[in-house]
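Taking it in order: structure first as structure tokens, then the write-up.
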Amino acid sequence: MNNMVIAIDGPAGAGKSTIAKIVSNKLDINYIDTGAMYRAITYKAIRDGIDINDEEALIEMAKKTQIDFKDNNIYLDNEIVNEEIRTLSVSGNVSKVAQIKEIREIMVELQRKMGKRYSVIMDGRDIGSYVFKDANLKFYLTAGINERARRRYVELKAKGHKINLDDIVNDIKNRDDIDSKRSFAPLIKADDAVEIDTTSKNIEEVVSDIMEYIK
Ligand code: CDP
Ligand code: CDP
């Protein structure tokens, strides 16, 4: 029997990872956060002093990098980096790294392998439009920029990050812009994706909408 693939795409703060995690538990399938993969590569570049504008160096590094998911942890070269990849410094550089075609191809190959090995719910920017065009179900989550920034602000603040709301708004606007304008596999709603505006919906409401489609 073929594995089930559910794609969840959309801009930052739309609620993709929160909702995907809950749905993965309900269905007892794996959750893959593809944004964490691009974040891990970006974190490694910053940590190792690689110039974010040096595409060749970034590609060479990515080729030699191992990324894995186990028990809801992300491993970068066998080290858990769940927290390190969520800083504003990684957020501020990740879209630049993620627009490099060769780096995307390495990540996409890994993502497709995961979808072949087991059933997955995968969230990102290009899952329904590029990585798994034939996914069983595709969702595109959106929300207004102020609400998305507010959610991310509350989340990072609770984790003890020193941040202000304006910086988050600017980071998200900047990433939305680069992610949707890049030439290779940009952020776009797939024609056959179900679009859900989550601006005034709480997590339970969005989960319940999605579970209705899955049933
Ligand atoms: O969690 P948040 O929505 O802030 O972002 P993320 O899902 O962790 O993704 C971080 C960045 O990775 C995005 O802004 C994109 O630049 C890139 N990304 C991508 O290009 N393609 C994906 N499938 C997932 C993320
Ligand atoms: O993955 P993505 O960037 O799309 O968003 P997320 O990380 O799942 O959600 C960002 C924050 O918004 C989390 O702290 C969620 O708990 C919160 N959230 C919310 O308050 N209401 C929703 N309908 C969805 C998410």
Side-chain angles (χ1 to χ4, degrees), residues 7-24 31-43 52 67 74 81-82 84-101 103-112 114-115 120-132 135 138-159 161 163 168-169 171-188 190 196-210:
I8 304 199
D9 292 299
K16 302 180 298 297
S17 62
T18 307
I19 275 92
K21 244 178 251 167
I22 297 172
V23 173
S24 77
Y31 162 58
I32 301 294
D33 175 356
T34 66
M37 300 169 74
Y38 294 97
R39 283 176 177 272
I41 290 289
T42 306
Y43 162 70
I52 292 291
I67 292 176
I74 175 147
V81 290
N82 300 348
E84 291 83 345
I85 63 170
R86 302 284 160 200
T87 62
L88 213 50
S89 133
V90 171
S91 292
N93 288 291
V94 61
S95 291
K96 199 157 190 180
V97 174
Q99 62 181 340
I100 302 170
K101 183 170 184 266
I103 290 189
R104 301 200 69 79
E105 285 171 336
I106 296 170
M107 298 303 137
V108 168
E109 193 187 333
L110 278 172
Q111 291 154 12
R112 288 183 175 151
M114 292 169 189
V120 283
I121 181 160
M122 203 174 266
D123 87 338
R125 302 292 187 285
D126 59 341
I127 309 306
S129 61
Y130 182 76
V131 183
F132 288 107
K138 301 177 185 179
F139 296 95
Y140 191 84
L141 301 189
T142 62
I145 173 74
N146 291 334
E147 173 61 11
R148 292 191 282 123
R150 188 197 63 80
R151 290 175 185 171
R152 188 47 53 84
Y153 175 77
V154 170
E155 181 188 339
L156 290 174
K157 199 86 183 166
K159 284 186 185 164
H161 290 261
I163 36 144
I168 304 273
V169 172
D171 167 61
I172 289 185
K173 278 187 180 164
N174 182 43
R175 283 197 286 135
D176 284 358
D177 190 56
I178 301 176
D179 293 345
S180 52
K181 286 184 183 155
R182 69 174 170 239
S183 55
F184 184 68
L187 164 66
I188 190 172
I196 302 174
D197 184 338
T198 74
T199 311
S200 52
K201 290 187 180 203
N202 64 31
I203 294 165
E204 291 72 29
E205 288 170 312
V206 183
V207 169
S208 137
D209 285 358
I210 287 188

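Just follow the structure's listing: the first ligand is 1, and inside any ligand the first atom is 1.
Polar contact check, D123 against ligand 1: no nitrogen or oxygen pair lies under 3.5 Å apart. Taking any N or O of T198, backbone or side chain, none lies under 3.5 Å from an N or O belonging to ligand 2. Among the atoms of D33, none of the N or O lies under 3.5 angstrom from an N or O of ligand 1. Of the N or O atoms in E147, none lie within a sub-3.5 Å distance of an N or O in ligand 2. Geometrically, ligand 2 and A14 share a nitrogen or oxygen pair separated by less than 3.5 Å. Taking any N or O of R182, backbone or side chain, at least one lies under 3.5 Å from an N or O belonging to ligand 1.
Listed here is the closest heavy atom pair of D126 and S129: CA-OG, 3.4 Å.
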After noting the C-alpha distance and the side-chain angles of I8 and I127, does the key distance pass the side-chain contact (heavy atoms from CB on, under 4.5 Å) rule?
CA-CA 7 Å; I8 304 199; I127 309 306; over 6 Å; no

Can you list the steps and then say if I100 with Y38 is a side-chain contact (heavy atoms from CB on, under 4.5 Å)?
CA-CA 11 Å; I100 302 170; Y38 294 97; over 6 Å; no

Run the side-chain contact (heavy atoms from CB on, under 4.5 Å) check on R152 and D171 step by step: do they pass?
CA-CA 11 Å; R152 188 47 53 84; D171 167 61; over 6 Å; no

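Proximity annotation for atom 11 (C) of ligand 1: of T34, I178, V94, D171, V94 comes nearest, heavy atoms only. Scanning Q99, K16, R152 for the heavy atom closest to atom 2 (P) of ligand 1 points to R152. For atom 9 (O) of ligand 2, the nearest non-hydrogen atom from the set I172, T18, V206 belongs to T18. Compare R151, E155, E204 by their heavy atoms: the one nearest to atom 20 (O) of ligand 2 is in R151. Of all the listed residues (V108, D176, D179), D179 holds the heavy atom that lies closest to atom 14 (O) of ligand 1.
The closest approach between G10 and ligand 2 stays at or above 4.0 Å for every heavy atom of the residue. Heavy atoms of R86 approach ligand 1 to within less than 4.0 angstrom. The shortest heavy-atom distance from M107 to ligand 1 is not under 4.0 Å. By the 4.0 Å heavy-atom criterion, M37 is excluded from the residues contacting ligand 1. Close to ligand 2: P11, with a non-hydrogen atom less than 4.0 angstrom away. Within the 4.0 Å heavy-atom cutoff, G13 counts among the residues contacting ligand 1.
The residue from T198, V169, D176, I168 that alone fulfils the side chain to side chain contact (heavy atoms under 4.5 Å, CB included) condition with R148 is D176.
Distance from atom 16 (O) of ligand 2 to its nearest protein heavy atom, with residue and atom name: I203 CD1, 3.5 Å. Among all protein heavy atoms, the one lying closest to atom 5 (O) of ligand 2 is G15 N, 3.1 Å. Looking at atom 23 (N) of ligand 2, its nearest protein heavy atom turns out to be K201 O, 2.9 Å.
Atom NZ in K96 sits 8.5 Å away from atom CD1 in I52 (nearest 0.5 Å). Rounded to the nearest 0.5 angstrom, I163 CD1 and L88 CG are separated by 7.5 Å. Within the model, atoms CZ of R175 and CG of D177 stand 12.5 Å from one another, a figure rounded to the nearest 0.5 Å.
Contact atoms of ligand 2 toward A12: 3 (O) (distance under 4.0 Å to a heavy atom of the residue). Atom numbering of ligand 1 starts at 1 in the shown order; those under 4.0 Å from a heavy atom of S95 are 14 (O), 16 (O). For ligand 1, the atoms closer than 4.0 angstrom to any heavy atom of A98 are 16 (O), 17 (C), 20 (O). The D126 neighbourhood of ligand 1 comprises atoms 21 (N), 22 (C), 23 (N), with distances under 4.0 Å to a heavy atom of that residue.
Between E109 and R112 there is no salt bridge, since no side-chain nitrogen of the basic residue lies less than 4.0 Å from a carboxylate oxygen of the acidic one.
For the residue pair S91 / R86, no side-chain donor-acceptor distance below 3.5 Å is found, with atom types taken as modelled.
Surrounding CD1 of I188 are at most 12 heavy atoms belonging to other residues, nucleotides or ligands under 6.0 Å away.
At least one donor-acceptor pair closer than 3.5 Å links the side chain of K138 to the backbone N or O of G128.
Under 4.0 angstrom from ligand 2, there are no non-hydrogen atoms of V154.
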